[in-house]
Structures are given as C-alpha cells and as structure tokens.
Amino acid sequence: MPIEQWKWEYIERNMVEFNRGLHILSKASERFSRYFHWYYHPRLDIFAPSKFIGYSETTHENYDGWGSGGQTQQILRTYFDHVPPEDYEHYLNKLIMVADSYGYTVSKKTLEGHYGWIYVPKRDVLEQYIMSDSAYEILDDEDELHKEGLRKSSVVNKYERNPKIKKAAILYHGVTCMGCKFNFEEFYGDHGKGFIEIHHINPLSSVQKEHYVDPKEDIAVLCANCHRMIHRRRSDMLSLDELIAMVQRNKATRC
C-alpha cells in the first residue's frame with residue numbers, strides 16, 4: 001500500500017483528537033486500558049490506539065468501539081513500524097506516564113509486549129511528512145506581536161509559539177485564515193504552502209497560569225494581517241467574532 005499524504009494527515013488529526021478528549025468521559029477514553037496497539041507521533045509527542053485513529057473522522061463523540069482493529073492495523077502499518085525491542089521500555093514508560101496523568105492504566109498485553117505493541121512512524125514518513133512539515137514553523141519575528149505585558153502574555157505567548165499546538169490546530173482548521181479567508185498558497189504558490197499563524201481565542205485577562213489548551217476550540221488560524229488587527233489595541237483586543245464581523249462589514253461597504 002503506497003504512502004499517501006492525505007491518509008497520513010487524517011491519521012495525525014485522529015491522533016490529536018484522541019488526546020484532545022482524554023480529559024472527558026467518553027467511550028473512547030473509558031476503554032484506554034483495553035487498547036493493545038499504540039501508535040506514537042514523535043513531533044507531537046502523543047500516543048493513540050489503532051482502533052481510534054485508523055478510521056476517517058473519528059471523534060470522541062462518534063466513537064463506538066466497533067471492529068477488531070485488524071483492518072486499521074493493516075492501514076497503519078503502511079505508515080508505522082514496530083518499536084525496536086531495545087527501545088520498547090523507553091516508549092512504554094512514556095505511555096505509562098500519559099496514562100497515569102489522566103488516571104488510566106495500560107493494558108497487560110501492552111505492558112508485556114505480547115499481542116500488544118507500540119509503533120513509531122516509518123523513516124519515509126518521518127522524513128517526508130513530519131520533520132519537514134512547515135506547520136511546526138514558528139517565525140522569530142512573531143515575538144513582537146505578543147509583547148502585551150509579562151503577566152498576561154507569558155502563557156499566551158507560549159501557546160501561540162508552541163509548534164505542537166500550532167500543528168494540532170492546523171489539523172482541525174486548515175491553513176485558510178478564519179478571519180478573512182486569505183490562503184497563502186493561493187496567493188504565493190508553493191512558497192506560501194502550509195503557512196498560517198495561530199491565535200489563542202480566550203481573552204488574555206482570563207489566562208494567568210498554564211491550563212489545558214484545546215486546539216479545536218481554543219485556537220484559531222489567522223493570516224498575519226488579521227492576527228495583528230486582533231492584537232492591535234492592548235486594552236481592547238478584538239474577539240474572533242468581532243474580527244470576522246468587521247471584515248464582512250467592510251467588504252459589504254466596498255461592494
């Protein structure tokens with residue numbers, strides 16, 4: 001089976017979705033200790049089971065646990081290899097730490113490495129779709145955008161410059177600006193492919209310490225212009241809805 005980028009992207013998106021919902025009560029999270037085959041994404045530093053990520057558009061809301069997982073493993077093994085035996089304990093300990101952080105346990109089969117295993121991306125996938133992925137790109141000149149007072153911006157700055165959160169948000173929202181619908185690739189061609197900035201939706205005043213960030217609900221993708229317009233007035237930062245309304249209102253006025 002050939003390695004196809006679109007299939008890899010839905011696998012990545014499902015891996016993010018599985019981890020996004022681990023803090024809520026769902027059939028998928030309740031079955032954590034019953035999953036045997038775990039797949040690891042090295043750049044996002046997350047694990048997800050085959051029965052969740054092998055089907056298109058899986059969510060915690062629509063997951064029903066149907067199937068044995070054998071069919072999904074055939075698809076996933078096009079993109080993943082077994083962890084080498086000498087590295088198994090390292091990855092297993094990482095998985096146990098994830099499970100412990102949410103109050104879950106790892107299945108006995110996975111703990112023993114019998115009939116359950118851990119997988120990592122194949123070298124071709126790692127080189128073509130992970131290490132060279134521009135979605136993780138954070139530009140140095142974005143620093144100036146987020147200097148809005150140390151107390152308020154330190155955590156937000158961390159979120160908006162976190163490549164893992166940026167990649168996860170792009171998997172949900174794509175790379176077309178949610179404010180004005182500008183797409184860098186459409187305008188600049190290959191040079192703009194995959195380029196977008198991310199914005200933390202919650203008001204800065206509500207963020208005073210590190211907290212869980214939902215890449216689907218808490219993060220928006222914006223072009224540089226819209227991002228700067230939201231942050232332009234420190235004392236009166238625009239909400240995403242206000243920005244969208246402003247853009248639409250001014251477009252209508254020009255027509």
Side-chain angles (χ1 to χ4, degrees), residues 5 7-24 26 28-29 32-33 35-54 58-60 76-77 79-107 110-111 113 116-138 154-173 194 196 198 200 209-219 221:
Q5 184 172 359
K7 286 185 179 179
W8 171 248
E9 288 175 350
Y10 90 65
I11 291 170
E12 283 188 308
R13 181 256 173 215
N14 284 354
M15 294 184 78
V16 170
E17 171 65 17
F18 178 77
N19 284 268
R20 185 180 78 89
L22 284 178
H23 68 291
I24 64 175
S26 72
S29 60
F32 193 103
S33 63
Y35 300 125
F36 305 150
H37 298 279
W38 289 91
Y39 293 78
Y40 178 70
H41 192 299
R43 205 157 180 189
L44 291 172
D45 193 25
I46 55 177
F47 291 89
S50 60
K51 286 191 68 176
F52 191 94
I53 65 174
T58 311
T59 68
H60 279 265
L76 292 170
R77 285 174 186 172
Y79 301 87
F80 292 86
D81 281 328
H82 288 91
V83 167
E86 63 271 20
D87 295 332
Y88 192 79
E89 185 176 355
H90 167 72
Y91 287 97
L92 178 61
N93 287 334
K94 288 175 70 71
L95 178 59
I96 291 171
M97 288 179 63
V98 172
D100 287 346
S101 70
Y102 289 100
Y104 301 128
T105 57
V106 176
S107 71
T110 304
L111 289 172
W117 205 259
I118 299 173
Y119 305 81
V120 292
K122 291 179 179 290
R123 180 181 295 275
D124 288 351
V125 174
L126 193 65
E127 293 176 353
Q128 294 179 39
Y129 301 135
I130 298 179
M131 302 313 297
S132 61
D133 191 342
S134 62
Y136 296 95
E137 185 178 76
I138 300 290
S154 58
V155 174
V156 175
N157 184 54
K158 176 181 177 180
Y159 293 148
E160 294 192 359
R161 290 180 51 76
N162 185 317
K164 297 176 186 178
I165 292 176
K166 181 175 183 179
K167 170 63 178 180
I170 288 173
L171 287 169
Y172 281 108
H173 302 302
I196 200 70
I198 63 169
H200 192 274
K209 61 181 180 179
E210 291 197 38
H211 66 287
Y212 171 76
V213 176
D214 185 327
K216 183 178 181 181
E217 303 295 337
D218 295 341
I219 302 293
V221 296

Without swapping roles, check the side chain of [X] against the backbone of [Y] for a donor-acceptor pair under 3.5 Å.
| X | Y | value |
| --- | --- | --- |
| Y35 | A28 | yes |
| R13 | I170 | no |
| T110 | F36 | yes |
| K166 | I196 | yes |
| D81 | V120 | no |

*Determine the interplanar angle of the W38 and F18 rings, folded into 0 to 90°, and report it as parallel if under 30°, tilted if 30 to 60°, perpendicular if over 60°.*
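Rings of W38 and F18: perpendicular, as their planes differ by over 60°.
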State, to 0.1 Å, how close [X] and [Y] come at their nearest heavy-atom pair, and which atoms those are.
| X | Y | result |
| --- | --- | --- |
| V16 | P215 | CG1-CG, 4.0 Å |
| R20 | D214 | NH1-OD2, 2.7 Å |
| I24 | G21 | CG1-O, 2.9 Å |
| K167 | L44 | CG-CD2, 3.9 Å |
| H173 | I219 | NE2-O, 3.1 Å |
| I11 | F80 | CG2-CE1, 4.1 Å |

_Verdict with supporting geometry, Y79 and K122, side chain to side chain contact (heavy atoms under 4.5 Å, CB included)_ = CA-CA 6 Å; Y79 301 87; K122 291 179 179 290; 5.8 Å; no
_Over 12 non-hydrogen atoms of neighbours within 6.0 angstrom of CD in E127_ = yes
For the atom pair [atom1] ([X]) and [atom2] ([Y]), what is the distance rounded to the nearest 0.5 Å?
| X | Y | atom1 | atom2 | answer |
| --- | --- | --- | --- | --- |
| F47 | M97 | CZ | CE | 10.0 Å |
| R43 | E12 | CZ | CD | 10.5 Å |
| Q128 | Q5 | CD | CD | 9.0 Å |
| E89 | I118 | CD | CD1 | 10.5 Å |

*M15/L171 under side chain to side chain contact (heavy atoms under 4.5 Å, CB included): CA gap, chis, key distance, verdict*: CA-CA 10 Å; M15 294 184 78; L171 287 169; over 6 Å; no
_Worked check of side chain to side chain contact (heavy atoms under 4.5 Å, CB included) between I165 and H200_ = CA-CA 10 Å; I165 292 176; H200 192 274; over 6 Å; no
Are [X] and [Y] close enough that their ring centres sit under 6.0 Å apart?
| X | Y | result |
| --- | --- | --- |
| W117 | Y91 | no |
| Y104 | F32 | yes |
| F52 | H60 | yes |

*asked:* Would you say that I130 contacts V125 through its side chain, given a criterion of any heavy-atom pair below 4.5 Å between the two side chains?
replied: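 Heavy-atom side-chain distance check passes, below 4.5 Å.
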*Strictly by modelled atom types, are E9 and Y129 linked by a side-chain donor-acceptor pair under 3.5 Å?*
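Absent: no donor and acceptor within the cut-off.
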*asked:* I'd like to know whether I96 forms a side chain to side chain contact (heavy atoms under 4.5 Å, CB included) with L111, so could you lay out the CA-CA distance, the side-chain angles of the two residues, the decisive distance to 0.1 Å, and finally the verdict.
replied: CA-CA 9 Å; I96 291 171; L111 289 172; 3.8 Å; yes
